[in-house]
Amino acid sequence: MLYKTYHQHQLDDIDGFRRLPKAIKDSVKIASQVFPFKVSNYLVGELIDWDCIPDDPLFRLAFPLKEMLTQEDQATFTRLFESQATASELIAASNVIRRRLNPNPADQKSNVPVHRGRPLNGVQHKYSRTVLLFPSAGQTCHSHCSFCFRWSQFTGIKEEKFACDDTARFYEYLAENTGISDVLLTGGDPMVMSTARLEDLLEPLITKKEFGHIQNIRFGTKALSFWPYRFISDKDADSLLRLFERLTKAGKHVALMAHFNHPRELETAAVKTAIERIASTGAIIRTQGPVLAKINDDAAVWCELWRKQLTLGLVPYYMFMERDTGARDYFAVPIIRALDIYHSAVSGLSGLARTARGPVMATSPGKIEVLGIVEIGGQRYFSLRFIQARKKNWENRHFLAGYSTTARWIDELTPAFAEQHFFFADQLA
Ligand SMILES: *Cc1c(COP(=O)(O)O)cnc(C)c1O
């Protein structure tokens, strides 16, 4: 039986890290002042190849490097370290930088619904059918990704944090909004919660008739990559699987929206066992993750990632563009590059593994899929469409943008032809 007890490492108690050149260690120490740093013993012991630092993609996944900051900000920290600044001076300097890094991309704060005159904190309801719930006990992860678009959840800046404590009001809202079919638990990672807490939270969906319209329960999670033992040997692993089973037996579709970035995350005995155990409950694992420079900006990597997922019974769902927040300049690739990776990767795969939509930008007006490049009258354009949209009548609309070799996001694209603004710009404003 596979067995491991969760342990969160500090930088200096990681053997592999202690052996690294001083320049790399200092680099991580500077960057982890600004970007959240947390690593599990599984990531450190089973995934990272400590002989290939700093290029190892699994190292880059969780160990921030100073190049993620501007030269000026790096210099600030070098100075503060040299003058033996206090912890509170370091935090103050970090927070100035963090506020500059667009901590809430895509206007997330404007997605908070108002229920009986008061905002439902820790809930986002942007697309009609799906509500996002940020349970307060699930607002961390087993490890933190250096590129995470939710990084500001973990920085300790209170006003940036989404967290729901008031599940009674959340359920009132669900009962009154029968157009909602999906509840997506997110964070952080709801799989850091104890099974007892998850049971308390989800029990009404199993037992109460008034939530019959909630058909799909999704868990946004990185636990299969960062702590697969959550589903194997944690003391409440078996009861978690029983909870999934009770939900599926109650007629709910249970979807683990699993975040994967690299095929190596699918190679250990632990992840394979965890996947088998989850599958035995009737839950379906769908996968998603962004294209990231220096981690997976390579068609062969995506091809292998999706091929392995298919073999293990996982369903590729979304390939994302890195969002416009945090260390985006370090990780983002141009749209044209992501598109090429997508097309090259799927061309090597069975149709069964071509189920991911991408590249997708999760923007303020909606989820925009980049379909490809079209040529009209000798000019090239990006062909785009809304998969989901803030306004119902934008959904599934196709539109064109001028071709660009550098644009990384919708705000760096221009509308096609003589239009001044994209069709959604006025209503959005
Ligand atoms: C992606 C997303 C969803 C879910 O969209 P699906 O197309 O159903 O997967 C829901 N809410 C928000 C804010 C999202 O970004």
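First listed ligand is number 1; within each ligand, the first listed atom is number 1. These numbers were taken from a predicted model, which means no experiment stands behind them.
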Ligand 1 versus [X]: contacting region, heavy-atom distance under 4.0 Å:
X: R129; result: neither
X: L132; result: side chain
X: E395; result: neither

Judged by non-hydrogen atoms, does Q124 sit under 4.0 Å from ligand 1?
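Contact absent.
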Output yes when E304 and K308 qualify as a salt bridge under the 4.0 Å nitrogen-oxygen rule, no when they do not.
yes
Got a donor-acceptor contact below 3.5 angstrom from the D56 side chain to the I48 backbone?
no
List ligand 1 atoms under 4.0 Å from [X], heavy atoms only on the residue side.
X: Q388; answer: 5 (O), 6 (P), 7 (O), 8 (O)
X: Y317; answer: 6 (P), 7 (O), 8 (O), 9 (O)
X: R218; answer: 4 (C), 6 (P), 8 (O), 9 (O)

State yes or no: are the ring centers of Y173 and H125 separated by less than 6.0 Å?
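Yes, they do, as the ring centres are separated by less than 6.0 Å.
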Quiz item: cation-pi between R390 and Y127, 6.0 Å / 45°
no
Check whether F424 forms a cation-pi arrangement with K391 (NZ or CZ under 6.0 Å from the six-membered ring centre, at most 45° off the ring normal).
no
Worked verdict on S136 versus D165 for side chain to side chain donor-acceptor pair (under 3.5 Å)
CA-CA 6 Å; S136 60; D165 291 315; 2.9 Å; yes
Report all side-chain donor-acceptor pairs from residues 90-98 shorter than 3.5 Å, counting only partners two or more places apart or in another chain.
| from | atom 1 | to | atom 2 | distance (Å) |
| --- | --- | --- | --- | --- |
| S94 | OG | Q33 | O | 3.1 |
| S94 | OG | L90 | O | 2.8 |
| N95 | OD1 | R98 | NH1 | 2.8 |
| R98 | NE | V34 | O | 2.8 |
| R98 | NH1 | T155 | O | 3.4 |
| R98 | NH2 | Q33 | O | 2.9 |
| R98 | NH2 | V34 | O | 3.3 |

Could you find the nearest protein heavy atom to atom 15 (O) of ligand 1 and give me its residue, atom name and distance?
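Sorting protein heavy atoms by distance from atom 15 (O) of ligand 1 puts K367 NZ, 2.7 Å first.
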How far is atom 10 (C) of ligand 1 from its nearest protein heavy atom, and which residue and atom is that?
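Answer, as residue, atom name and distance: Y127 CD1, 3.5 Å.
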